[in-house]
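Written out below as structure tokens is the structure these notes cover.
The shown structure was predicted, so the numbers you read here are calculated from the model rather than taken from an experiment.
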Amino acid sequence: MKTAHDTVTAYFDALVARDAENLIELMHPVSHYVKIGTDAGEILTGGSEIAAYYENHVASTEDFSITFLNLDVQVRNEAAWFYTRQIWRLRWQGNPIEEFVMRMTGVLERVDGAWKFVQIHASTGVLTT
């Protein structure tokens, strides 16, 4: 059985692999699901749009790599949360390759023994040397 940490890393592995099916499986399609991304209108509230969101996301990315700067996953009983800071390098919607710092937090719930995401929040930071 995957730990919460394994589930979080599986999420990022699936993003890079452009594996919409796995991304969708990692989400908990409940009414309290929330995904906030970096684009102005990138917000999902409730689980009904999860499949369409991740299918579009993987169809829109190419040449995707993630370098972790840090990852912290905490677990308390049936809830877990994470914070990560990463460098993302990708081609988005056919544009030239971009590189930026991605900062993300999220919440997971244990559902029938498996960890599922119920909240993800992303923001971009600044590359520093």
### Query
Which of these, Ile120, Asp6, Asn22, sits in a side chain to side chain contact (heavy atoms under 4.5 Å, CB included) with Tyr11?
Ile120

### Verify same cluster id: Val75, Val111 (apolar side-chain graph, 4.5 Å)
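No, no single cluster joins them.
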
[X] vs [Y] side-chain heavy atoms within contact, under 4.5 Å:
X: Val8; Y: Leu71; value: yes
X: Val30; Y: Lys116; value: no
X: Val107; Y: Phe82; value: no
X: His57; Y: Glu55; value: no
X: Val118; Y: Leu108; value: no
X: Leu23; Y: Leu15; value: yes
X: Tyr83; Y: Gln74; value: no

### Message
For Phe12 and Phe68, take the angle between the two ring planes, folded into 0 to 90°, and tell me which bin it lands in: parallel under 30, tilted 30 to 60, perpendicular over 60.
### Response
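Taking Phe68 first and then Phe12, their aromatic rings stand perpendicular (interplane angle over 60°).
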
### Task
Specify whether His28 and His32 have parallel, tilted or perpendicular ring planes, treating 30° as the upper limit for parallel and 60° as the lower limit for perpendicular.
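Geometry flag for His32 against His28: perpendicular rings.
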
### Query
Can you name the nearest heavy-atom pair linking Ala114 to Met1, along with the distance?
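Of all heavy-atom pairs spanning Ala114 and Met1, the closest is N-SD, 4.3 Å.
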
#### Entry: Atom of Gly47, atom of Tyr33 and distance for their closest heavy-atom approach
N-CB, 4.0 Å

### Query
Is it true that Glu62 and Arg18 have a side-chain N and a carboxylate O under 4.0 angstrom from each other?
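Judged by the 4.0 Å cut-off on N to carboxylate O distance, Glu62 and Arg18 do not form a salt bridge.
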
### Query
Linking Ile, Leu, Val, Met, Phe, Trp and Tyr by side-chain heavy atoms under 4.5 Å, what else ends up with Ile43?
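The other cluster members (ILVMFWY side chains, heavy atoms under 4.5 Å, direct or chained) are Val34, Ile36.
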
### Message
Under a 3.5 Å distance rule, please check whether Glu42 uses its side chain to pair with a backbone N or O of Thr38 as donor and acceptor.
### Response
yes

### Query
If only atom types and distance count, is the side chain of Arg103 paired as donor or acceptor with the main-chain N or O of Thr124 below 3.5 Å?
yes

Distance in Å, [X] [atom1] paired with [Y] [atom2], rounded so as to fall on 0.5 Å steps:
X: Met102; Y: Ser123; atom1: CE; atom2: OG; value: 8.0 Å
X: Asp13; Y: Ile66; atom1: CG; atom2: CD1; value: 8.0 Å
X: Leu26; Y: Asp19; atom1: CG; atom2: CG; value: 8.5 Å
X: Arg110; Y: Thr7; atom1: CZ; atom2: OG1; value: 10.0 Å
X: Gln119; Y: Lys35; atom1: CD; atom2: NZ; value: 11.0 Å

Exercise answer: donor-acceptor pairs, residues 87-98 side-chain atoms, under 3.5 Å, sequence neighbours excluded:
from	atom 1	to	atom 2	distance (Å)
Trp88	NE1	Gln86	OE1	2.5
Arg91	NE	Asp63	OD2	3.1
Arg91	NH2	Asp63	OD2	3.0
Asn95	ND2	Trp92	O	3.1

